[in-house]
K.L.:
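Quick one: this structure, given as structure tokens, is what I'll be asking you about.
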There are 2 protein chains.
Amino acid sequence: MSVHSGNTPCELCASRKLSLFADLPEQHVCTISDNKNLISHRKGQILFYEGTKPLGIFCINSGVVKVYKTASNGKEQILHLSKKGDFLGYSALLGEENYSNSAMIVEDAKICFIPKEAFLTTLFNNTPFFKRITKALSHELGVMEEKLTDATQKSIRERLAFVLIQLGNSYGVEGGENQKIDLVLSREEIAGMVGTATESVIRLLSEFKKDNLIELEGKRIIIKDRRGLARLSDFYA
Amino acid sequence: MSVHSGNTPCELCASRKLSLFADLPEQHVCTISDNKNLISHRKGQILFYEGTKPLGIFCINSGVVKVYKTASNGKEQILHLSKKGDFLGYSALLGEENYSNSAMIVEDAKICFIPKEAFLTTLFNNTPFFKRITKALSHELGVMEEKLTDATQKSIRERLAFVLIQLGNSYGVEGGENQKIDLVLSREEIAGMVGTATESVIRLLSEFKKDNLIELEGKRIIIKDRRGLARLSDFYA
DNA sequence: AAAAAAGACTGACATATATCATAAGAAATA
DNA sequence: TATTTCTTATGATATATGTCAGTCTTTTTT
């Protein structure tokens with residue numbers, strides 16, 4: 001975990017333009033920039049733990065992070081994956097609560113840490129920015145409600161198909177007819193996204209493969225028939 | 001659905017003190033009060049539908065409302081129940097999206113409608129109030145994440161036990177050793193809260209009864225052994 | 001009050017999925 | 001390179017829960 005303080009100011013940061021900081025006026029960008037800390041993280045490292053106190057927010061520069069909760073049976077429920085331009089941990093800060101979930105690096109990452117005060121000051125002195133954050137929060141809530149509904153009303157097969165489609169949307173690289181999911185997740189992690197047992201994922205993946213919906217290339221998954229998966233996922237019902 | 005415009009100003013409203021409006025300065029309370037509309041609703045009426053455009057927020061004066069999503073199989077997933085002092089629909093407004101869920105009256109209710117402009121103006125001119133709303137939103141997100149995790153990792157039996165405990169907490173009236181849930185929900189609605197089939201709820205409820213955890217009095221449920229239910233719900237694991 | 005509709009309940013049954021066990025393959029470590 | 005550990009894969013098995021069907025009860029409507 002290496003620190004590059006000040007390294008690349010936010011003013012020049014490419015991933016900032018993807019983020020909620022995109023339209024921040026220069027003055028505020030500078031406040032953030034002066035206070036941020038860019039840190040490199042390796043796969044497997046923890047960004048924060050459920051139950052601990054948030055001291056700031058994280059802005060992902062590169063890499064992938066999984067945000068998850070650990071259930072009482074020890075299994076991880078992955079709430080979402082975050083990538084370049086995404087903010088992490090602002091919900092706990094705004095909720096004035098300890099983290100309600102944990103975050104772990106899934107793909108080597110560079111992440112800026114912005115201390116609480118700098119972030120909140122900017123927020124409270126810039127209503128448009130505050131609005132944007134709140135909008136993101138509201139959207140996240142809607143997404144989570146959707147996930148809950150899917151979790152209770154859809155089968156594992158449907159949910160897995162849906163997760164694959166989403167992974168394709170976010171991490172897919174096109175190649176002819178196919179779409180390769182360019183992100184290495186263990187079967188256990190995929191199970192954590194779907195909310196099922198690892199063995200079920202493995203079994204269903206080989207079923208999907210047999211049905212020519214996907215192809216398996218080691219840990220990587222290639223989507224061969226997106227529409228087929230969509231049909232299976234009950235996406236359009 | 002009867003309208004009592006202006007009826008009982010917010011300044012004097014008892015349920016306001018329970019709400020996010022609690023600490024609003026007088027000036028802003030008046031803005032809200034001048035614009036609000038108190039409406040009486042009967043059980044079964046719809047407050048808003050998923051997919052429609054929000055025109056304001058709702059503040060519950062009395063009664064109970066269920067907020068739910070309709071899954072592709074037609075079943076309702078109840079996201080939460082709201083009662084006196086609760087706000088409804090602000091998430092869609094702040095997310096600048098159509099409603100992501102629907103709301104229906106479960107117990108006859110009096111509800112104030114506050115038009116979008118009055119609400120947003122107050123919000124954007126009162127940072128502490130905006131903070132409080134955002135805090136509530138963040139908290140809701142955490143709760144939803146917890147529900148998702150429970151939905152994927154716990155059994156129906158555990159989830160039903162947990163729902164009963166929560167209903168006891170929110171709508172329970174004490175009576176000796178027992179706690180009566182003073183809210184009439186159909187078995188189908190309880191199933192919607194748990195995220196399961198109606199028959200499963202019925203079966204499990206009679207099992208709980210046989211195990212002396214609860215008692216059934218028509219539609220009403222009486223909790224006889226809260227700790228037993230908590231143990232069953234894996235609450236402390 | 002009678003009729004109709006909706007809801008609660010019980011039983012039979014099918015099956016998706018979790019769990020356990022074991023083996024093969026891949027990756028990490030010595 | 002050898003050894004150990006982790007991950008993927010496959011099979012066998014148990015069971016919780018969904019679905020369908022039918023009866024009884026309660027509520028609503030006429």
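Below, chains carry the letters A, B, ... as their sequence lines are ordered, and counting in each starts from 1.
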K.L.:
Under 4.0 Å from any heavy atom of chain B: name the first and the last nucleotide of DNA chain D that qualifies, 5' to 3'.
P.N.:
dT17(D) to dC20(D)

K.L.:
Which distance, rounded to the nearest 0.5 Å, do you find between the CG of Asn98(A) and the OH of Tyr49(A)?
P.N.:
15.0 Å

K.L.:
Please write out the pairs of protein N or O atoms and N or O atoms of nucleotides 17-27 of chain C separated by less than 3.5 Å, giving the distance to one decimal.
P.N.:
| from | atom 1 | to | atom 2 | distance (Å) |
| --- | --- | --- | --- | --- |
| dT17(C) | OP1 | Ile156(A) | N | 2.6 |
| dA18(C) | OP1 | Thr196(A) | OG1 | 2.9 |
| dA18(C) | OP2 | Thr196(A) | OG1 | 2.8 |
| dA18(C) | OP2 | Ser200(A) | OG | 2.3 |
| dT19(C) | OP2 | Lys75(A) | NZ | 3.2 |
| dT19(C) | O4 | Arg203(A) | NH2 | 2.9 |
| dC20(C) | N4 | Glu199(A) | OE2 | 3.4 |

K.L.:
Using five pairs at each end of the helix from dA1(C)-dT30(D) to dA30(C)-dT1(D) to define an axis, what is the angle between those two axes, to 10°?
P.N.:
50°

K.L.:
Check residues 55-66 of chain B and write down every donor-acceptor pair under 3.5 Å in which the side-chain atom is one partner and the other belongs to a residue at least two apart or another chain.
P.N.:
| from | atom 1 | to | atom 2 | distance (Å) |
| --- | --- | --- | --- | --- |
| Asn61(B) | OD1 | Ser15(B) | OG | 3.3 |
| Ser62(B) | OG | Lys110(B) | N | 3.4 |
| Lys66(B) | NZ | Glu76(B) | OE1 | 3.1 |
| Lys66(B) | NZ | Glu189(B) | OE2 | 2.9 |

K.L.:
Separation of Lys209(B) atom NZ from dA8(C) atom P, in whole Å?
P.N.:
14 Å

K.L.:
Take the protein atom CD of Glu217(B) and the nucleotide atom P of dA8(C), then report the distance between them rounded to whole Å.
P.N.:
16 Å

K.L.:
How would you list, by chain and number, every residue that makes a salt bridge (charged side-chain N to carboxylate O under 4.0 Å, His left out) with Arg227(A), sequence neighbours excluded?
P.N.:
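Arg227(A) satisfies salt bridge (charged side-chain N to carboxylate O under 4.0 Å, His left out) with no residue once adjacent residues are dropped.
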
K.L.:
Under the rule for salt bridge (charged side-chain N to carboxylate O under 4.0 Å, His left out), what residues qualify as partners of Glu50(B), not counting sequence neighbours?
P.N.:
Lys69(B)

K.L.:
For Thr152(A), what residues pass the side chain to side chain donor-acceptor pair (under 3.5 Å) criterion, not counting sequence neighbours?
P.N.:
Gln77(B)

K.L.:
Apply salt bridge (charged side-chain N to carboxylate O under 4.0 Å, His left out) to Glu188(B) and list each qualifying residue two or more places apart in sequence or on a separate chain.
P.N.:
none

K.L.:
Tabulate below the donor-acceptor pairs under 3.5 Å that side-chain atoms of residues 160-171 of chain A make, not counting sequence neighbours, or state none.
P.N.:
| from | atom 1 | to | atom 2 | distance (Å) |
| --- | --- | --- | --- | --- |
| Asn169(A) | OD1 | Arg226(A) | NH1 | 2.8 |
| Ser170(A) | OG | Gln166(A) | O | 3.4 |

K.L.:
Sequence neighbours excluded, which residues qualify as salt bridge (charged side-chain N to carboxylate O under 4.0 Å, His left out) partners of Glu174(A)?
P.N.:
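Salt bridge (charged side-chain N to carboxylate O under 4.0 Å, His left out) check on Glu174(A) returns nothing, list empty.
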
K.L.:
Who passes side chain to side chain donor-acceptor pair (under 3.5 Å) against Glu177(A), sequence neighbours left out?
P.N.:
none

K.L.:
Looking at residues at least two apart in the chain, or sitting in another chain, which of them share a side chain to side chain contact (heavy atoms under 4.5 Å, CB included) with Lys135(B)?
P.N.:
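Glu96(A).
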
K.L.:
To the nearest Å, how far apart are Arg220(B) CZ and dG7(C) C1'?
P.N.:
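Result: 16 Å.
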
